[in-house]
Participant: 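Take this structure, written in structure tokens, and hold onto it; I'll ask about it next.
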Protein chains: 2
Amino acid sequence: MKLDSEHLEILAMIVDKGGLTEGAEALGKSQPSVSRTMALLEDRIGAALFEPGKRPLRPTELGESLARIGARIHALNAEASALVQSYRKGHTGRLRIAGTPIFMDGVVSTLIADFQMRHPEVQIAQSYGYFDQLAASLRNGTLDVAILPLHPSMVPADMRFVPLLAGRNVIACRAGHPLMRRGAVTLADIEPYPWIAPPPDSPLYRDLQRALKSIGKEDFKVSFSGGTLASINSVLARSDALTVLPYSVVFLSRKSAGLEALGIKIEHPDRQLGFLTHEAATPPPALRRFADFLTDEFNLLEARIQHESQVTRRRG
Amino acid sequence: MKLDSEHLEILAMIVDKGGLTEGAEALGKSQPSVSRTMALLEDRIGAALFEPGKRPLRPTELGESLARIGARIHALNAEASALVQSYRKGHTGRLRIAGTPIFMDGVVSTLIADFQMRHPEVQIAQSYGYFDQLAASLRNGTLDVAILPLHPSMVPADMRFVPLLAGRNVIACRAGHPLMRRGAVTLADIEPYPWIAPPPDSPLYRDLQRALKSIGKEDFKVSFSGGTLASINSVLARSDALTVLPYSVVFLSRKSAGLEALGIKIEHPDRQLGFLTHEAATPPPALRRFADFLTDEFNLLEARIQHESQVTRRRG
DNA sequence: CAGCTTCATAACCTCAGGATATATAACCAT
DNA sequence: ATGGTTATATATCCTGAGGTTATGAAGCTG
């Protein structure tokens with residue numbers, strides 16, 4: 001025999017309120033409705049839930065026991081409703097975020113930490129990938145949002161791309177690097193130093209090639225390649241090697257990693273960092289919160305970078 | 001927003017079984033039924049419960065969370081069903097039992113203890129009373145069963161009386177009483193001893209009067225009156241006083257209280273100990289169990305008393 | 001015991017949710 | 001790839017739970 005949980009909840013409310021009429025009112029139902037419902041329940045279980053012939057309806061022993069269970073069911077049901085509400089508002093849920101490694105490690109991961117301070121109930125699953133893989137994951141629904149540098153013309157038709165930051169690249173080195181002592185740096189200046197290269201399949205590797213070509217340097221010596229940002233930072237900090245990194249990454253890890261950007265202009269990649277989502281997929285509500293958060297934080301970051309460059313320019 | 005607990009239970013089953021079809025089967029419903037139910041639930045909460053475009057249906061994060069709650073609701077619901085089953089079989093419930101004090105204390109209370117060993121989930125509320133009050137309580141539904149000595153002609157029309165034991169009364173005294181030394185006891189023998197009387201409003205008091213009158217004793221000295229069985233036993237054991245008690249009570253408290261019955265025949269009351277119930281009331285199922293138990297135990301008791309008297313007679 | 005309050009019943013209507021039949025979409029193996 | 005297999009969704013119909021209002025019956029109380 002299967003009881004209707006709703007019936008048990010109604011019973012609990014009646015017992016709690018001390019009467020059928022008050023219980024019905026508290027439930028937002030009519031009195032006859034709950035009366036009939038209780039009659040039906042009594043029929044089903046084949047026993048009285050209320051003492052017969054008592055006018056402020058008083059539960060029997062069995063009625064009281066079932067009411068206790070009904071109250072617990074009600075609490076669970078309310079918990080479920082609250083969970084749904086929280087989810088719909090974006091305060092709860094799981095967010096699957098992926099992006100290109102350097103940006104994820106250098107910029108996004110710190111922002112994710114901030115985001116989780118505000119929304120501890122949002123579980124974030126982060127992974128890495130480049131454009132093709134990211135787009136595929138978005139399409140097959142295993143990813144909610146991708147964060148990567150992209151040229152507007154490269155955005156697939158079935159996706160939406162929201163730019164967050166201009167993709168300015170710089171040549172980075174350790175803070176105490178010999179090149180940092182001079183004001184302007186020429187091609188000849190950087191000639192003797194070895195290079196750290198991002199993984200060969202990454203866009204940054206091609207950026208590095210193009211950047212060096214743009215300042216007239218066709219071939220270069222690679223002393224280290226293939227590492228993640230943490231490795232790159234380590235090697236960079238303990239050697240006189242150079243590399244090409246997004247300025248935002250250098251900006252954010254200056255203090256912690258002891259990095260600086262050389263004052264030499266290199267070609268800007270015609271891409272912007274932004275996030276990519278699949279139009280067809282219904283995004284988890286938490287994504288909206290995260291996207292808003294990212295937009296705000298990147299605006300702030302951009303403002304800080306602007307401010308910094310003005311101060312530096314004024315000083316220099 | 002109020003979710004349907006049933007929906008959550010179905011969701012839990014689908015997630016548990018790993019697919020909609022299997023879940024439907026486990027629930028004893030058709031596959032389209034649960035499919036539509038889940039579609040309805042998704043509509044209501046405005047979010048996906050299952051990853052879209054996955055064929056062995058896989059729950060989303062939200063779906064899994066709600067399924068967990070659904071499973072807990074299901075457990076509570078099952079608990080309620082089990083409670084009802086247990087109640088209907090008489091293994092659970094509350095039993096309000098009342099009766100005349102001497103019998104309740106001397107016979108029934110020990111049986112209640114035995115009964116509760118077998119049915120620990122049956123809560124027993126015991127109280128005391130005489131006929132009028134017991135009948136009134138049965139009629140107004142504050143009592144489930146009364147245990148008292150009654151003459152068949154005195155059973156009210158709206159009630160049912162089941163006799164359990166013949167109402168043989170005896171003169172009781174302490175085990176080492178001077179009268180116990182002689183074989184047959186005469187009226188003259190008991191002349192010098194004081195009497196313990198039950199409460200004056202009790203049937204036993206009238207029994208006492210009639211019993212003594214039946215052996216030719218019109219007036220008697222009362223040294224103690226009005227106590228419960230515990231008091232009577234105490235006084236009886238520490239004095240040479242006599243009293244009239246049901247033989248069953250003496251039989252059961254011989255060892256513990258050190259009582260004996262005199263070998264003098266007194267008038268039998270024309271009543272039988274039995275239990276009285278209200279015909280109109282729907283009895284709690286546990287009452288049936290208790291009534292059956294009482295019947296069995298009293299049969300056993302009667303057999304033990306029979307056996308005893310035969311042994312005594314053979315010996316004496 | 002009259003009047004108030006509380007609960008039960010009646011009559012009506014809507015819609016959740018049961019079933020079967022069938023379409024459609026993933027999955028899998030060749 | 002592609003066709004067969006399996007899993008899920010949709011269509012349609014039908015029953016009954018449960019919502020309503022109106023009204024009757026039964027406890028409770030002064």
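Order of the sequence lines fixes the chain letters, A, B, ..., with proteins taken first and strands second; residue numbering starts at 1 for each chain. Bear in mind the structure is a predicted one, so any value in this text is a computation, not a measurement.
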Participant: So, is A:His7 close to the D:dG18 phosphate, meaning a side-chain N or O under 4.0 Å from OP1 or OP2?
Facilitator: yes
Participant: If the helix axis at each end comes from five base pairs, how far does the helix from C:dC1-D:dG30 to C:dT30-D:dA1 deviate from straight, to 10°?
Facilitator: 50°
Participant: Within this structure, what is the CD-to-P distance between A:Glu9 and D:dA17, rounded to whole angstrom?
Facilitator: 19 Å
Participant: So that I know where these two stand, are B:Phe115 and B:Phe290 an aromatic pair - ring centroids less than 6.0 Å apart?
Facilitator: yes
Participant: Closest heavy-atom contact between B:Pro163 and B:Gln272?
Facilitator: CB-OE1, 3.2 Å
Participant: Measure from the side-chain N and O atoms of A:Glu42 to the backbone N and O of A:Leu49, and report whether any donor-acceptor pair falls under 3.5 Å.
Facilitator: yes
Participant: Around atom NE2 of B:His74, are there more than 12 heavy atoms from other residues, nucleotides or ligands closer than 6.0 Å?
Facilitator: no
Participant: Between the side chain of B:Asp158 and the main-chain N/O of B:Glu279, is any donor-acceptor distance below 3.5 Å?
Facilitator: no
Participant: In whole angstrom, what separates B:Met38's CE from D:dA7's P?
Facilitator: 18 Å
Participant: Given C:dC7, is OP1 or OP2 found less than 4.0 Å from the side-chain N or O atoms of A:Thr21?
Facilitator: yes
Participant: Does any N or O in the side chain of A:Ser65 come within less than 3.5 Å of the main-chain N or O of A:Glu61, such that one atom is a donor and the other an acceptor?
Facilitator: yes
Participant: Expressed in angstrom and rounded to an integer, what is the separation of A:Leu40 atom CG from C:dA8 atom C1'?
Facilitator: 14 Å
Participant: Grab the two heavy atoms, one from A:Asp144 and one from A:Thr277, that are nearest each other, plus how far apart they are.
Facilitator: O-CG2, 3.8 Å
Participant: B:Leu49 CG to D:dT8 P: how many Å, rounded?
Facilitator: 14 Å
Participant: Nearest-Å distance, CG (B:Leu20) to P (D:dT10)?
Facilitator: 12 Å
Participant: Can you measure A:Asp4 atom CG to D:dA17 atom P for me and round it to whole angstrom units?
Facilitator: 11 Å
Participant: Around B:Glu25, counting heavy atoms of other residues, nucleotides and ligands shown, do more than 12 lie under 6.0 Å from its CD?
Facilitator: no
Participant: Which nucleotides of nucleotides 19-30 of chain D have their base under 4.0 Å from a protein heavy atom (B), which only their sugar-phosphate (S), and which neither (-), written as one string 5' to 3'?
Facilitator: BBBB----SS--
Participant: For B:Lys2, look at atom NZ and say whether over 12 heavy atoms of other residues, nucleotides or ligands are found less than 6.0 Å away.
Facilitator: yes
Participant: Please report the distance, rounded to the nearest Å, between CZ in B:Phe50 and C1' in D:dA9.
Facilitator: 13 Å
Participant: Report the distance from atom CG of B:Leu41 to atom P of C:dA16, rounded to the nearest whole Å.
Facilitator: 13 Å
Participant: Do any side-chain nitrogens or oxygens of A:Ser35 fall under 4.0 Å of OP1 or OP2 in C:dA8?
Facilitator: yes
